[in-house]
Protein chains: 2
Amino acid sequence: MPAQRTAEGVPTIYHVATAAGVSIATVSRVLNGHAKIRPATEERVLAAVRELGYVPNAAAQGLSKGLKRILGLVFANPWWHDDPLSIEETNLLFADTVIRGAQWNADRHGYSLLLLSSGVTRIGHGALFGDVIGKVDGLVLLDRVVRQERVAPIAKRVPVVLLAGSGRSRSAVTVRVDNAGAMWLLAEHLVLHHGMRRTAFVGGLPDSPDNLARLEAFERAVRELGGTCEPAERWSADWTSPGAARVVRRRLEDKRRQPEAIVCANDQMAIGAMHALATAGLRVPDDVAVAGFDDIPVSAYLSPPLTTIRQPMRELGAAAVESLVKRLEGVALDSREVVLPTKLIVRESCGCQAGASEVGEATLPSRMLADGARSALSETVA
Amino acid sequence: MPAQRTAEGVPTIYHVATAAGVSIATVSRVLNGHAKIRPATEERVLAAVRELGYVPNAAAQGLSKGLKRILGLVFANPWWHDDPLSIEETNLLFADTVIRGAQWNADRHGYSLLLLSSGVTRIGHGALFGDVIGKVDGLVLLDRVVRQERVAPIAKRVPVVLLAGSGRSRSAVTVRVDNAGAMWLLAEHLVLHHGMRRTAFVGGLPDSPDNLARLEAFERAVRELGGTCEPAERWSADWTSPGAARVVRRRLEDKRRQPEAIVCANDQMAIGAMHALATAGLRVPDDVAVAGFDDIPVSAYLSPPLTTIRQPMRELGAAAVESLVKRLEGVALDSREVVLPTKLIVRESCGCQAGASEVGEATLPSRMLADGARSALSETVA
DNA sequence: TTGTAAGCGTTATCAC
DNA sequence: GTGATAACGCTTACAA
């Protein structure tokens, strides 16, 4: 037996073996539960493990087993010092909540989640995200972190799941929400229920697939229902409250008749829009109705409470991990695309009255669920 | 040369060597930039690397170098299905923003950030966080993820930084903000500037070091300035908006005179408090002033905009990683404790008038900076 | 039931 | 400059 090789203070399997008077193979067996071990032996090994505070070196395990049990999630994580205006980052809550869902489910499956960012240093510069790809068994790519054509080469090396992507990738699985169904519901509520005809849609970053899907679906739905939606160019923002506030203020200076309803591609922008309206002396929803998308926690606590689309952000992260894990364990995926359902949460910013409950909340099932959509939630959290 | 050993499709250094007609040692040298390589050779190797889409296996590198270049961050990440009320998680924004800062700085130093959660599965059950500790070179432990006495054994194995901890650990470095200085500033503003004497402090989870520090400092400051602070037990909440709303509503039912100012241990609770007050027909700040802590992005967009303490959450994460990396690179730390400064952000919920700027914002330097505090920000983002 | 030894894919120390 | 080759710490046949 090569005895203890490490000079460092960190105990290895050799130390444990020596201390327990067995071979390293036996230690490994005890720790991994394979094979039958004599109880007395097992006890000695475990005692040694405890005594030394031994924890296996995951790098060695990964090398030996060919599985690192680490999943990567790539998101946009800029530092903001260059741009004081972006203190409130692009869709902050969305990414963070997705991350939480992904971490949670990875953990459940015995994997850990490695957080990777696009945009700051080496990542994204070299091909294949630099070397970080070598650290993971699979990758979740958030919306917009990588261009369409860059996905294939990455997917050649590790399984990839696209989160909130356009869903048009051959090489990777896509997980997203039912944006179109959501916007239809909202348009119906505004146009049919409240009788509003003139609307506007405050968009997030223009190249975001989610933003595009929401915009197109909303415009189309409103038009088909007999209403109008102001030209998107004039209402394009950047997912942030200040950005949306700016857009709304600019429109307010224009003295033509204002829209009756302003729908925003996320809740943060709805908050910015409401702020701009309030500052201009307009009341929500009496003068203008406002709606958002996401249903972030504060939305229920705004005045007025925000009518919005709830998307299962956490489940989105969990579902992405779920299909990655399935792929790694050799389970066949039944679809290249997972579409999670959304809900219309009716509160007061659209003109409805507060319900009996503390936080008024009406829930309609999403119709128009895309083909192949199932509740990945029940799948995931089973 | 043992030729290509891997059956999988993933190319190894052996494939590259074969393709380039050199030894694996040469490939390694080219990729790591050590030693002099003939330009022609280098070119052949690089070509092979590109051709094959080779990326080094990080597990093998970690094993060989004794450094995984992975840092772990442990935070609380419960799934909420058991408890529908906790949809808005404990101090969500705080942890998420800290995580972003940590990820950003880790990336800058060539490390990746592994997200680990306490509480859900194996982690925290076995000693030493189960096996996950074997995946990292160092660990950042967030507030409350582990009890005081559990830190030492972990720190024996990998360097540990405590984030937002009590600062009383021998075995680990602590990174936190200047809670006491912040609360003094706020108390002065409320009591001296606005002349309010009767106050209340809505607390977060009672066992959180941050919460405790804020509560104690605020009570003490108010008292020394001649005001009063209602008993903490009655105002104890859980970091969430609904939690704070509940506490405030309960107090409102009590017909004794209400406090003139309600200070909350974070912004989410301030939002919940304002909601409860508005629902009860009380106006902020005319009837009751409200203040928060954190300065999350939406706080500037509430009505009224929230007066709060800005703590550098992102820098907190970055600083934690900074000291971990220093430790790993053998740089001596000049202190067991890093204390970052805070700022009082005066908006309108305290009774001040809106400033000239879009979002009124007065900034005072934090006095009472704890001993040894330096701007770790400048250190970090240098 | 346990031990021996051959990988796993790198890096790094020798030689040449 | 470049090529063998020995670690690195673990898992897993294969023997015993």
Side-chain angles (χ1 to χ4, degrees), chain A residues 1-18 20-45 49 52 54-69 131 133-137 157, chain B residues 1-18 20-45 48-49 52 54-70 131 133-137 157:
Chain A
M1 191 177 68
Q4 54 190 68
R5 309 192 186 180
T6 320
E8 308 287 334
V10 185
T12 71
I13 197 172
Y14 289 95
H15 297 106
V16 176
T18 307
V22 298
S23 72
I24 59 165
T26 299
V27 176
S28 179
R29 288 186 192 110
V30 169
L31 262 25
N32 291 290
H34 304 323
K36 300 272 147 267
I37 303 286
R38 186 181 318 146
T41 312
E42 170 159 11
E43 188 39 56
R44 281 196 342 265
V45 170
V49 167
L52 297 170
Y54 169 73
V55 175
N57 179 327
Q61 288 182 312
L63 181 55
S64 181
K65 300 218 239 209
L67 228 214
K68 306 173 188 72
R69 299 208 84 87
D131 287 0
I133 211 177
K135 292 180 174 176
V136 304
D137 299 317
R157 195 158 198 304
Chain B
M1 194 177 67
Q4 53 191 70
R5 310 189 185 181
T6 320
E8 307 287 332
V10 185
T12 70
I13 198 171
Y14 287 95
H15 297 106
V16 176
T18 307
V22 298
S23 74
I24 60 165
T26 298
V27 176
S28 179
R29 287 188 192 108
V30 169
L31 263 25
N32 291 289
H34 303 324
K36 300 275 148 263
I37 303 286
R38 186 181 316 148
T41 312
E42 170 158 11
E43 188 39 57
R44 288 206 325 278
V45 170
V49 167
L52 297 170
Y54 168 74
V55 175
N57 180 326
Q61 289 182 310
L63 181 54
S64 181
K65 301 219 242 209
L67 228 215
K68 306 174 188 73
R69 299 207 84 86
I70 294 181
D131 286 359
I133 211 177
K135 292 180 172 175
V136 303
D137 298 317
R157 193 155 198 306

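Each chain gets a letter, A, B and so on, in the order its sequence line appears, and its residues count up from 1.
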What is the distance, rounded to the nearest whole Å, between atom [atom1] of [X] and atom [atom2] of [N]?
X      : N      : atom1 : atom2 : value
A/L63  : C/dA6  : CG    : P     : 17 Å
A/I24  : D/dA13 : CD1   : C1'   : 14 Å
A/R69  : C/dC8  : CZ    : P     : 21 Å
A/D131 : C/dG9  : CG    : C1'   : 14 Å
B/L67  : D/dA7  : CG    : C1'   : 17 Å
B/R44  : D/dG3  : CZ    : P     : 8 Å
B/K68  : D/dC8  : NZ    : P     : 15 Å
B/L31  : C/dA12 : CG    : P     : 12 Å

Which listed nucleotide ([options]) is nearest to the side chain of [X]?
X     : options               : result
A/K36 : C/dT2, C/dT1, C/dT10  : C/dT1
A/K65 : C/dT11, C/dG3, D/dT12 : D/dT12
B/P56 : C/dT10, D/dT2, D/dC10 : C/dT10
A/S23 : C/dC14, C/dT11, C/dT4 : C/dT4
A/T12 : C/dT2, D/dC10, C/dG3  : D/dC10
B/A25 : D/dC8, C/dA12, D/dC10 : C/dA12
A/V22 : C/dG3, D/dT11, C/dG9  : C/dG3
A/I13 : C/dT13, D/dC10, D/dG1 : D/dC10

For [N] and [X] - does any side-chain N or O of the residue sit under 4.0 Å from the phosphate oxygens OP1/OP2?
X     : N      : answer
A/Q61 : D/dT11 : yes
B/N32 : C/dT11 : yes
B/R38 : D/dT2  : yes
B/Y14 : C/dG7  : no
B/T41 : D/dT2  : yes

* Asked: Counting any heavy atom closer than 4.0 Å, what does B/T26 reach on the DNA or RNA strands: base, sugar-phosphate only, or nothing?
  -> sugar-phosphate
Has [X] got a side-chain atom pairing as donor or acceptor with [Y]'s backbone, closer than 3.5 angstrom?
X      : Y     : value
B/S28  : B/I24 : no
B/K135 : A/R69 : yes
B/K68  : A/N57 : no
B/R29  : B/I37 : no

* Taking for each residue the nucleotide of DNA chain D bearing the nearest heavy atom, is the 5' side occupied by A/A58 or by A/R29? -> A/A58
* Structure fact -> Result for 5'-nearest mapping on DNA chain D, choosing between B/A60 and B/G21, is B/G21
* Asked: Step by step, would you call A/T26 with A/R44 a side chain to side chain contact (heavy atoms under 4.5 Å, CB included)?
  -> CA-CA 11 Å; A/T26 299; A/R44 281 196 342 265; over 6 Å; no
* Structure fact -> What one should report as the nearest heavy-atom pair of B/A20 and B/V45 is CB-CA, 3.9 Å
